2 protein chains.
Amino acid sequence: MQISKGVEWAVHAAALLNGLPAGRGLKAEALARYHGVPAPYMAKQMQALSKAGITRSSRGAHGGYRLARPADQISLWDITAAVDGKGPAFRCTEIRQNGPCGLKPKDCKKACQIAAAFAAAERAFRESLAVISLADIAGQVVDDASPEHLTAIMQWLGKEAEPLSDSQS
Amino acid sequence: MQISKGVEWAVHAAALLNGLPAGRGLKAEALARYHGVPAPYMAKQMQALSKAGITRSSRGAHGGYRLARPADQISLWDITAAVDGKGPAFRCTEIRQNGPCGLKPKDCKKACQIAAAFAAAERAFRESLAVISLADIAGQVVDDASPEHLTAIMQWLGKEAEPLSDSQS
DNA sequence: TTAAATCGGATAAAAAATATCCGAATAAAG
DNA sequence: CTTTATTCGGATATTTTTTATCCGATTTAA
């Protein structure tokens, strides 16, 4: 059971976008450079966020990404689902219908008890992530960081952030 | 985020072993045949269960597997951890230390807030599985099954179950 | 109108999960 | 006691998923 590395990158990237002044954005390459990760793969994660409606993108010269809605309305589960998919981690293959004592399909209207137990556990996992917003994370990071570090970030953002046009998607 | 298919098989296999009379066991090939799955891969899962101390194995003629302790002392998390590993699904790669605004290692004594949030979610997942025992699952299955189906299982077990010697591991 | 720049989907490489095989070990029979 | 059949256990291929990369479609600005 592995969560893809892209989830980690996407959350960090979204948290950084939250620090942007209104109306400005960062291109995928800048996000990758900031976090010291391969640019094309970071770009792929950003595409997933845009497709899920978490970020908005602007194409063409001076394009880039920005958050599509306030950070307190974006949960860690939203980002995880966008990058890794919403599908269940435990996939019941109905092996209770196999073999010499296999059940008939008509006797399988109730979900398999084993699958139900794992579904409940995954629900607990999702709920735990769903109650934490990007705003929560950003707040904690700011609280923990030194003033010098915050200044350095602001300076970097001031240098790299581009004013974006208002076009969609 | 995927849970390996082997986990499903291992739980089903362990539940079946719970139905055995005391002192008897099933070989890996029989467990695979019962569930209609490839024998060698089922065997691999059983090896993982034995390594984790969940099952005991007997080698040689008339060998096989049995549960190593009562079913109410085996949780779904025990089995999941044995097959899929105990390691965290979210692997923090400390990208906060990368790039132009990267933190120094000495400023990273506190765990990354993002990693901490995912760790909490995984804890919720584990706890949810840890409170469900193999005995719970087996009880529910028996409650739901028709008398004929239970009889069929008993007959099959009577035919396939081997008396095991008392040797270790 | 032209040209530069960026996102988006399609395409390779690496890693992990899945499936399989063969040797070591045990027990029963000769 | 020796031999032989049988089983588990670890090492080995194959397939799938994840990770990483590239090139074309689209948009903006000059």
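Throughout, protein chains are lettered first and strands after them, A, B, ... in sequence-line order, and every chain is numbered starting at 1. Fair warning: this is a prediction, and the values are worked out from it, not measured in the lab. For the numbers below, each heavy atom of this structure counts, side chains included, while hydrogens, waters and symmetry mates do not.
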query: Does the side chain of S58(B) get closer than 4.0 angstrom to OP1 or OP2 of dC8(D) through an N or O atom?
result: no

Spacing between E8(B) atom CD and dA17(C) atom P, to the nearest angstrom: 17 Å

- request: Rounded to the nearest angstrom, tell me the gap between atom CD in E162(B) and atom P in dT6(D).
  value: 11 Å

- request: Calculate the interatomic distance between Y65(B) atom OH and dT6(D) atom P; express it in whole Å.
  value: 18 Å

query: Could you give the CD-to-C1' distance, from Q47(B) to dT18(C), as a whole number of Å?
result: 14 Å

field: Spacing between L26(A) atom CG and dT6(C) atom P, to the nearest angstrom
entry: 12 Å

- prompt: How long is the line joining CZ of R59(B) and C1' of dA25(C), in whole Å?
  reply: 4 Å

query: Among all residues two or more places apart in sequence or in another chain, which pass the side-chain contact (heavy atoms from CB on, under 4.5 Å) test with N98(A)?
result: I95(A)

- prompt: Any salt bridge between K86(B) and D78(B), counting N to O under 4.0 Å?
  reply: no

task: Provide, to the nearest angstrom, the distance between the CZ atom belonging to R56(A) and the C1' atom belonging to dT6(C).
output: 16 Å

field: Touch class at under 4.0 angstrom, heavy-atom based, for G60(B) against every strand present
entry: base

query: In whole Å, what is the span from the CE atom of M46(A) to the C1' atom of dG9(C)?
result: 17 Å

N/O (side chain, S4(B)) to phosphate O (OP1/OP2, dT18(C)) under 4.0 Å: yes

query: Could you give the distance from NZ (K106(A)) to CG (L103(A)), rounded to the nearest 0.5 Å?
result: 10.0 Å

- request: State plainly whether the residues E8(A) and R91(B) are in salt-bridge range, i.e. N to O under 4.0 Å.
  value: no

Presence of R91(B) side-chain N/O under 4.0 Å of dT19(D) phosphate oxygens OP1/OP2: yes

message: Please report the interatomic distance NE2(H12(A)) to SG(C92(B)), rounded to the nearest 0.5 Å.
response: 6.0 Å

task: Specify the residues of residues 27-45 of chain B, ordered by number, for which at least one heavy atom lies under 4.0 angstrom from an atom of DNA chain D.
output: K27(B), A28(B)

message: Between the side chains of R123(B) and E127(B), is the shortest nitrogen-to-carboxylate-oxygen separation below 4.0 Å, so that they form an ion pair?
response: no

- prompt: Which heavy atom of Q45(B) sits nearest a heavy atom of V83(B), and at what distance?
  reply: OE1-CG1, 3.3 Å

